[in-house]
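Shown next, in structure tokens, is the structure this report addresses.
Residues take their numbers from the sequence shown, with the count starting at 1.
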Amino acid sequence: MRPADQFGERLRKVRTERRLTQEQLAEASGLHRTEISLLERGKRTPILDTIVAVAKGLGVSPSELLGGVG
């Protein structure tokens, strides 16, 4: 499995554990909902700034968000 796909699965898992919608996470992280959707489906590979923003929106560290990716 590609790292982008692994990241997407991890992102979806953490987001749903925190009971957030894609829209809520997008607002909390300063991204568009479409960006969250593309990341979760592995259609977009995140840059470091995006990883940090999403982690902050989820209330986790970037390393926790990346757990198991790679």
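- Summarising the geometry, atom CG belonging to Leu38 is positioned 9.0 Å from atom NZ belonging to Lys43; distances are rounded to the nearest 0.5 Å.
- In summary, Glu9 and Lys13 do not engage in a salt bridge, as defined by a charged side-chain N under 4.0 Å from a carboxylate O.
- A heavy-atom distance below 4.5 Å is found between the side chains of Arg18 and Val60.
- The hydrophobic cluster containing Leu58 also contains Leu66, counting ILVMFWY residues as joined when their side-chain heavy atoms lie under 4.5 angstrom apart, directly or transitively.
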Start with the C-alpha distance between Arg12 and Thr16, add both sets of side-chain angles, then the distance that settles side chain to side chain donor-acceptor pair (under 3.5 Å), and finish with yes or no. CA-CA 6 Å; Arg12 180 176 288 126; Thr16 57; over 6 Å; no

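- Tracing side-chain contacts under 4.5 Å through hydrophobic residues (I, L, V, M, F, W, Y), one never reaches Leu65 starting from Val52; they form parts of separate clusters.
- Here the straight-line distance linking atom OG of Ser37 with atom CG of Leu11 works out to 10.0 Å at 0.5 Å rounding.
- A donor-acceptor contact shorter than 3.5 Å is absent between the side chain of Arg41 and the backbone of Gly8.
- Two residues are said to be in side-chain contact when any heavy atoms from C-beta on lie closer than 4.5 Å; Thr45 and Phe7 fail this criterion.
- Legend: residues meeting side-chain contact (heavy atoms from CB on, under 4.5 Å) with Leu31, ordered by chain and number and at least two apart, are Ser29, Glu35, Ile36, Thr50, Val54.
- Inter-residue side-chain proximity for Arg10 and Val14 is flagged as met; some heavy-atom pair is nearer than 4.5 Å.
- Among residues two or more places apart in sequence or in another chain, the side-chain contact (heavy atoms from CB on, under 4.5 Å) test is passed with Lys56 by none.
- Between Asp5 and Gly42, the closest heavy-atom pair is OD1-CA, 3.6 Å.
- Two residues are said to be in side-chain contact when any heavy atoms from C-beta on lie closer than 4.5 Å; Gln24 and Arg19 fail this criterion.
- Heavy-atom contacts from other residues, nucleotides or ligands closer than 6.0 Å to CD of Gln6 number more than 12.
- Contact detail for Ala4 and Arg44: the closest heavy-atom pair is CB-O, 4.5 Å.
- If you take CZ on Arg33 and CG on Leu25, they are separated by 11.5 Å, rounding to the nearest 0.5 Å.
- In this structure, the side chains of Glu40 and Arg15 come closer than 4.5 Å at one or more pairs of heavy atoms.
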